[in-house]
Amino acid sequence: MKAGFFRLMAFPVEIQDCIFQELEMNELPPVLRVNSHFNAIGTRILYRIIPELPIARCIACMKVLCASPSNAALVRKLSIDWSSHRIVANLFRLLRETLTHLSALRHLSIELSPQDNHYSLAWLLHGCHSGLRTLGTSIRCDPQLAEVLETQPELVELCLRGFQTKQPFTLSDGAMPRLRMFRAVHAGPAVISSVVRGRPVEGISLSMFIEDAFLPLDALLLSSRPIKRLTIMSLDNTPPNVLLPEIANRLPDLEALHVVVLMAMFDRATLQDSGPTLARFSDLRYLTFMAAGSASIEDEGEIARTWGKACPTLRTIILPKGKVWFEREGKWTCCG
């Protein structure tokens with residue numbers, strides 16, 4: 001054998017593990033066939049993170065995990081993306097069976113098709129008995145999903161991409177006591193309130209719809225800690241000189257604010273007029289405001305200077321052109 005092989009074998013197993021982690025997934029199978037020592041290390045890495053796979057490979061993988069408890073115990077992260085497929089009941093049952101075997105699973109993402117998301121499918125997650133740290137799913141927000149969240153006290157990050165239903169979405173005061181980050185795509189004020197209320201949530205991402213007005217922002221006041229990071233996807237035409245004061249009045253301690261407006265266009269004057277409202281933020285450092293508009297790079301430079309003067313704590317500003325503006329030697333400039 002080559003001398004390099006023996007030098008590699010001389011490393012502690014922790015170092016070998018770090019080295020093998022640098023390999024691409026398709027480079028691991030040959031490593032598994034070298035010897036039993038390499039097989040053990042490579043298998044741990046191969047099963048530790050299971051990414052989104054084509055559905056045929058995903059089915060084969062789940063069958064292996066159900067048949068091999070030792071391999072199933074290695075899985076820490078599982079990502080399922082079936083958003084382009086209508087799934088039959090047997091495959092849903094296979095997924096639930098797989099989740100019952102993943103005792104060490106910490107990160108789970110399940111994305112289903114818009115058609116399947118209209119049905120109550122939270123029963124899939126009832127088989128997950130591991131202590132999840134992060135959970136992202138497009139399963140609809142209904143009482144059954146709330147029951148699942150009640151069984152996950154270790155959750156730190158939650159992303160609900162599913163539709164909100166007319167059924168109550170209620171969580172007990174003791175549910176998810178460690179939750180720090182929450183993302184809601186389609187959920188309205190009722191679901192946001194239930195998730196945020198009494199929990200130490202500091203980072204929020206949400207969508208704002210015309211019919212909800214500013215109720216989603218009111219829901220954020222229910223967190224047991226000040227909100228530090230907020231991302232808003234705005235689906236109405238509220239101008240920034242109205243939206244920003246509403247945010248500042250409720251969340252003056254924000255450190256990062258990112259706003260994406262999809263349904264309106266704003267010119268240079270409108271954005272500049274929004275500058276004075278930023279003075280209401282006490283510690284805002286990172287600001288992104290993306291919307292359709294006709295402002296040039298020169299216009300955005302003037303807007304950045306106006307906003308920076310109104311809010312001296314700002315470090316970076318990103319405007320619709322996508323340039324990152326920052327202050328250097330007393331002047332606002334941009335990258336690129």
Side-chain angles (χ1 to χ4, degrees), residues 25 47-66 72 75-102 104-149 151-152 154-165 167 169 176 179-188 191-192 194-195 203-207 209 231-233 235 258 260 262:
M25 198 63 64
Y47 284 96
R48 184 177 299 161
I49 298 176
I50 300 180
E52 297 173 356
L53 299 171
I55 193 163
R57 288 186 60 196
C58 187
I59 292 172
C61 179
M62 290 191 295
K63 289 181 177 179
V64 169
L65 293 174
C66 289
V75 180
R76 298 295 185 271
K77 181 178 181 179
L78 174 64
S79 298
I80 300 290
D81 183 5
W82 293 341
S83 57
S84 301
H85 305 275
R86 292 294 303 273
I87 303 303
V88 298
N90 282 343
L91 185 48
F92 280 136
R93 284 191 280 269
L94 176 60
L95 174 56
R96 177 176 176 170
E97 177 68 15
T98 302
L99 292 176
T100 65
H101 290 80
L102 306 183
L105 187 66
R106 295 296 178 263
H107 310 280
L108 175 62
S109 175
I110 298 178
E111 186 75 24
L112 304 178
S113 71
Q115 295 83 5
D116 288 332
N117 285 329
H118 283 290
Y119 301 97
S120 181
L121 293 171
W123 59 271
L124 296 171
L125 302 174
H126 282 289
C128 185
H129 304 300
S130 58
L132 293 177
R133 302 291 191 272
T134 66
L135 171 63
T137 182
S138 65
I139 293 174
R140 74 182 195 180
C141 302
D142 58 15
Q144 290 71 37
L145 182 58
E147 290 178 9
V148 171
L149 298 180
T151 66
Q152 293 294 336
E154 303 298 320
L155 268 180
V156 175
E157 183 175 335
L158 174 66
C159 178
L160 298 181
R161 300 184 289 269
F163 300 105
Q164 181 170 317
T165 70
Q167 304 174 66
F169 187 89
M176 301 182 294
L179 191 67
R180 296 288 188 274
M181 298 288 296
F182 175 49
R183 297 180 179 88
V185 177
H186 298 291
V191 171
I192 295 173
S194 294
V195 173
I204 298 278
S205 177
L206 55 82
S207 300
F209 302 94
T231 299
I232 294 176
M233 183 75 71
L235 297 169
H258 309 286
V260 179
L262 299 179

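The structure displayed is predicted, hence computed values, not measured ones.
- R48 meets the side chain to side chain contact (heavy atoms under 4.5 Å, CB included) test with D17, Q21, R44, I45, R76; sequence neighbours excluded.
- Annotation: salt bridge (Lys or Arg N to Asp or Glu O under 4.0 Å) contacts of R106 (sequence neighbours excluded): none.
- The side chain to side chain donor-acceptor pair (under 3.5 Å) test applied to T137 returns no partner, not counting sequence neighbours.
- With sequence neighbours left out, Q144 forms a side chain to side chain donor-acceptor pair (under 3.5 Å) with S120.
- For residues 108-130, the salt bridge (charged side-chain N to carboxylate O under 4.0 Å, His left out) pairs, not counting sequence neighbours, are R86-D116, E111-R161.
- In this structure R57 satisfies the side chain to side chain contact (heavy atoms under 4.5 Å, CB included) test together with L53, P54, sequence neighbours excluded.
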In a table with atom names and distances, give each donor-acceptor pair under 3.5 Å that connects a side chain of residues 127-135 to protein atoms at least two apart or in another chain.
{"residue": "S130", "atom": "OG", "partner": "L105", "partner atom": "O", "Å": "3.0"}
{"residue": "R133", "atom": "NH1", "partner": "G131", "partner atom": "O", "Å": "2.8"}
{"residue": "T134", "atom": "OG1", "partner": "H107", "partner atom": "ND1", "Å": "2.9"}

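- Every side chain to side chain donor-acceptor pair (under 3.5 Å) that R93 has, sequence neighbours left out, goes to N90.
- Residues that satisfy the ring-ring contact (aromatic ring centres under 6.0 Å, His included) test with H118, not counting sequence neighbours, are F163.
- Under the side chain to side chain donor-acceptor pair (under 3.5 Å) criterion, E154 pairs with R178, not counting sequence neighbours.
- Not counting sequence neighbours, the partners of A146 by the side chain to side chain contact (heavy atoms under 4.5 Å, CB included) test are F169, L171.
- For L91, the side chain to side chain contact (heavy atoms under 4.5 Å, CB included) partners two or more places apart in sequence, or in a different chain, are I55, I59, M62, W82, I87, V88, L94.
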